[in-house]
Amino acid sequence: MINLVSDTVTRPTPGMLQAMMEAEVGDDVFGEDPTVNALEAKVAALFNKEAAVFCPSGTMTNQIAIKVHTQPLDEIICDEYSHVYQYEAGGYAFNSGVAINLLKGKYGKITADQIEAAIKPEFDWLPKSRLAVLENTCNKGGGSYYTLDEVRPISKLCWHYGLKLHLDGARIFNALVETGETPQAVGEQFDSISVCLSKGLGAPVGSVLTGDKAFIKEARRFRKVMGGGMRQAGYLAAAGIYALDHQVERLKEDNGRAKKIGAVLMEMPYVSDVRPVKTNILIFDVKPPYTADSFLEKLAEKGIKASPFGPQTVRFVTHLDFTEDMMGRVIKVLEELE
Ligand SMILES: *Cc1c(COP(=O)(O)O)cnc(C)c1O
């Protein structure tokens, strides 16, 4: 089976497994796991932040960020496609007691003007606009990304109005290998950043949340209360360190393969739209009589697995375990379908 369901399906590489086996560990709840400490220091330094905290998932890092930045009855502002709204089970309301103000962006990207128009004036009967969340790359937007030139007016605006700005950077490195921008420069534009190690970076588990010292101190308390305090987590952190050292540049290959498949799909008579392919996510619509489900069944018969993303919409995600050879096979199947 060729699996294009998500970039979370990857297995650790031999080098990564070796690094995990050799990890020095301790009890991280007591702050005594040297490998977790090294990973946190590494991510903080990468984004030019003061501190970081290692968590089991990107959902947890996002939820903790929302919790630390807000009070109940506040409001968060984000694009309607955002992971924090779509795929975190409504956790912003459950964990933080906040309202959400959804904006209609373009391929998941919003602008400073849209945020400015969404910020609520202070009245007793309105929630307080407190936090904006950007997603880079944007999953449901088809892997679209913000450049720093697009982010700068947003951070300026947010800080002018006293809002915090959080980056859901689950796939930030997929964007950075395209733009050539540095994580340090990204770090300057956000109060907090969440990075997934278990997507394109290829680690089995884990995300890191980074920000200033006071923010991360609070984040550690909420990680504990959410059940995310792990003990000899250094075995997992070692995978993250290995990924950051060895598996960032290769994200360009994933992006390139998605673009190549996207170009093929654009020529296919059964495809009505392909979202602009910017990184490793490819979202497209199939024409009737196909539905997403019937199209995916056809692919499954040919040994290719992917996800439905709407009644007519299909998502492919390229990743570490999707090789050049597999890409050739996928393109052949797509060209032969009618
Ligand atoms: C995957 C993902 C997350 C976090 O997901 P987990 O599965 O909880 O690690 C957050 N944001 C985006 C955009 C994602 O794609």
Side-chain angles (χ1 to χ4, degrees), residues 3-12 39 43 52-67 69 76 78-92 94-96 100 102-103 105 107-110 131-146 151 165-176 186 190 192-210 219 222-223 226-228 230 233 236-237 239-240 243-244 251 254-255 258 275 278-283 306-307 309 315-320:
N3 195 338
L4 292 170
V5 167
S6 174
D7 47 8
T8 56
V9 302
T10 58
R11 304 287 201 302
L39 171 66
V43 173
V53 60
F54 180 49
C55 291
S57 74
T59 298
M60 188 181 286
T61 46
N62 280 336
Q63 289 297 314
I64 290 173
I66 294 169
K67 182 74 187 158
H69 286 312
I76 65 174
C78 61
D79 184 86
E80 61 183 350
Y81 284 175
S82 301
H83 196 277
V84 294
Y85 173 63
Q86 295 276 348
Y87 305 118
E88 297 184 11
Y92 58 91
F94 184 76
N95 292 316
S96 300
I100 198 159
L102 298 174
L103 306 183
Y107 299 120
K109 290 165 57 185
I110 54 179
L131 170 69
V133 178
L134 302 186
E135 189 172 307
N136 201 15
T137 68
C138 177
N139 171 18
K140 206 173 158 64
S144 60
Y145 60 78
Y146 291 89
V151 172
L165 185 59
H166 172 68
L167 173 63
D168 177 352
R171 295 187 180 82
I172 184 64
F173 291 104
N174 286 85
L176 296 182
V186 174
F190 294 91
S192 57
I193 298 172
S194 159
V195 181
C196 283
L197 304 168
S198 58
K199 302 269 166 85
L201 291 178
V205 173
S207 289
V208 181
L209 179 62
T210 186
F222 288 117
R223 179 183 68 167
M226 285 177 168
M230 300 181 286
L236 299 174
L244 290 167
L251 292 170
D254 298 346
N255 295 351
R275 312 297 180 273
K278 300 290 187 182
T279 55
N280 70 325
I281 298 177
L282 177 50
I283 296 181
S307 340
F309 236 54
R315 186 186 78 163
F316 289 173
V317 187
T318 59
H319 52 76
L320 179 61

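Numbering of ligands and ligand atoms starts at 1, following listing order.
Nearest heavy atoms, S144 versus Y107: OG-O, 2.6 Å.
Within 6.0 Å of CZ on F94 lie no more than 12 heavy atoms contributed by other residues, nucleotides or ligands.
With ligand atoms numbered from 1 in the order given, ligand 1 contributes 13 (C) to contacts under 4.0 Å with heavy atoms of E135. Near N62, meaning under 4.0 Å from any of its heavy atoms, are these atoms of ligand 1: 10 (C), 11 (N). Residue S57 approaches ligand 1 through these ligand atoms, each under 4.0 Å from one of its heavy atoms: 8 (O), 9 (O).
With a 4.5 Å cut-off on side-chain heavy atoms, V133 and S82 do not count as touching. Using a 4.5 Å heavy-atom threshold, the side chains of N280 and N255 count as touching. Residues T137 and K278 fail the side-chain proximity criterion, which asks for heavy atoms closer than 4.5 Å. Side-chain atoms of N174 and I281, non-hydrogen and from C-beta on, never get closer than 4.5 Å to each other.
Looking only at protein heavy atoms, the nearest one to atom 7 (O) of ligand 1 is T59 OG1, 4.5 Å. Protein heavy atom in closest approach to atom 6 (P) of ligand 1: G58 N, 3.6 Å. The nearest protein atom to atom 11 (N) of ligand 1, hydrogens excluded, is given as D168 OD2, 2.6 Å; this is a heavy-atom distance. Nearest non-hydrogen protein atom to atom 14 (C) of ligand 1 is K199 NZ, 2.8 Å.
Taking only nitrogen or oxygen atoms, main chain and side chain alike, S207 does not reach within less than 3.5 Å of ligand 1.
Panel note: side chain T210, backbone A52; no donor-acceptor pair is recorded below 3.5 Å.
At a heavy-atom distance under 4.0 Å, only side-chain atoms of R171, from C-beta outward, approach ligand 1.
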